[in-house]
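Numbers for residues simply follow the sequence, beginning at 1. Predicted model only: the values in this text are computed from it and were never measured. Reckoned from all heavy atoms, side chains included, excluding hydrogens, waters and symmetry mates.
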Amino acid sequence: MALMVGQLKVDSVDRAEVLRYLGHRGQEVTPELETRLAESVARCLEVARPRACLRAFDVAERTVSETGVPELRLAECALRLEGTSIAEHLAGAVAVGVMAVTLGVGVDQELRRLSLTDPLGQVLFDAAATAAIERAADAAEALLVADAAARGLYTNWRFSPGYGDLPLSCQPTLLAALDAQRRLGVTLTPSLLMVPTKSVTAVVGYFEVPQKGARPGCSACNLRDWCTLRRAGTPCTGGAKE
């Protein structure tokens, strides 16, 4: 897969997901709060500019470091993925899809404005933006799934730096492999957190055989809104249309 850069269509978020990011545990949601929540979601979708960089790299080498940590090196870039958890996640993969996704600076600007004028609004907007960036990541992941299928390959799910023992220290080389600073405006703080803050990086394994349990049926899959395979009647699980 050649480097792909483009806008992502995210025109809705799941209300339940926004409530989950707010820490909702079944408490009553008052009409006033419901209204504020809907306003925050609408404002987030208005100012967000979801964009992504994606590219698939062949697996070049699997090694073990001097300290006994598994390492996976990708071809044509400097990215090394280190750790037992990512080694297990990509065991048997022949290629790896790499993605960087952001909602853009407008979301951060709105969060800063709300922090000065409307603390509750800031909390609600932040939860809406978190749900929105995950939706954008789903849209980007669906593109990697389609790319793998075009090669006759199958995928598992996205895995981000910071999950398991995959260190955040891989963020600079991951972003550099996608030229994400220039193409998306995504940079890193000294502590390796991304700016804009509502940004996601992740990798997805490409495999020669379907991965058991990698995805639910089409009706429950979080990628279904963007999945070209589902619309074509050829699910990524390798079976008949679900």
Side-chain angles (χ1 to χ4, degrees), residues 1-6 8 51-64 70-101 134 136-167 170-171 173-180 183-184 200-218 220-242:
M1 180 185 192
L3 179 67
M4 179 186 295
V5 183
L8 302 169
R51 300 183 71 237
C53 284
L54 309 101
R55 186 176 176 185
F57 300 89
D58 290 338
V59 172
E61 184 181 30
R62 287 181 169 86
T63 59
V64 177
E71 294 182 341
L72 185 148
R73 183 173 64 82
L74 303 183
E76 301 182 57
C77 69
L79 180 57
R80 289 177 178 267
L81 302 172
E82 304 174 355
T84 301
S85 53
I86 193 63
E88 293 174 351
H89 188 69
L90 298 176
V94 296
V96 176
V98 182
M99 56 188 274
V101 187
E134 289 301 319
D138 289 343
E141 186 178 347
L143 293 172
L144 293 178
V145 171
D147 175 62
R151 302 179 183 209
L153 301 174
Y154 304 89
T155 62
N156 56 5
W157 58 94
R158 66 179 180 267
F159 196 104
S160 293
Y163 289 5
D165 60 352
L166 178 62
C170 72
Q171 291 278 53
T173 50
L174 189 157
L175 292 173
L178 299 173
D179 195 16
R183 295 179 181 276
L184 297 181
V200 167
T201 58
V203 298
V204 176
Y206 285 28
F207 303 85
E208 293 179 336
V209 296
Q211 299 299 287
K212 184 178 180 180
R215 299 192 187 282
C218 292
C221 182
N222 58 320
L223 310 186
R224 63 186 180 276
D225 289 343
W226 300 276
C227 184
T228 57
L229 304 181
R230 180 179 67 89
R231 290 196 291 272
T234 56
C236 65
T237 53
K241 184 175 181 179
E242 301 176 43

Find the distance between OG (Ser85) and CG (Leu166) and round it off to the nearest 0.5 Å.
6.0 Å
Could you tell me the separation between the CD atom of Glu76 and the CG atom of Asp58, rounded to the nearest 0.5 Å?
7.0 Å
Distance from Leu8 atom CG to Arg51 atom CZ, nearest 0.5 Å?
9.0 Å
Roughly how far, to the nearest 0.5 Å, is the OG1 atom of Thr155 from the OH atom of Tyr206?
8.0 Å
Could you report the tightest heavy-atom contact between Leu184 and Ala100, atom names first, then the distance?
CD1-O, 3.4 Å
To the nearest 0.5 angstrom, please state how far the SG atom of Cys53 sits from the CG atom of Leu174.
10.5 Å
Once you round to the nearest 0.5 Å, how far does CD1 of Ile86 lie from CZ of Arg80?
15.0 Å
Closest heavy-atom contact between Pro70 and Ala87?
CB-CB, 3.7 Å
Aromatic ring pairing Trp157/His89, orientation class (parallel under 30°, perpendicular over 60°, tilted between):
perpendicular
Of all heavy-atom pairs linking Ala56 and Asp147, the shortest is CB-OD2, 3.8 Å
Tell me the closest heavy-atom pair linking Leu178 and Met99, and the distance in Å.
CD1-C, 3.7 Å
What one should report as the nearest heavy-atom pair of Leu54 and Leu143 is CD1-CD1, 4.0 Å
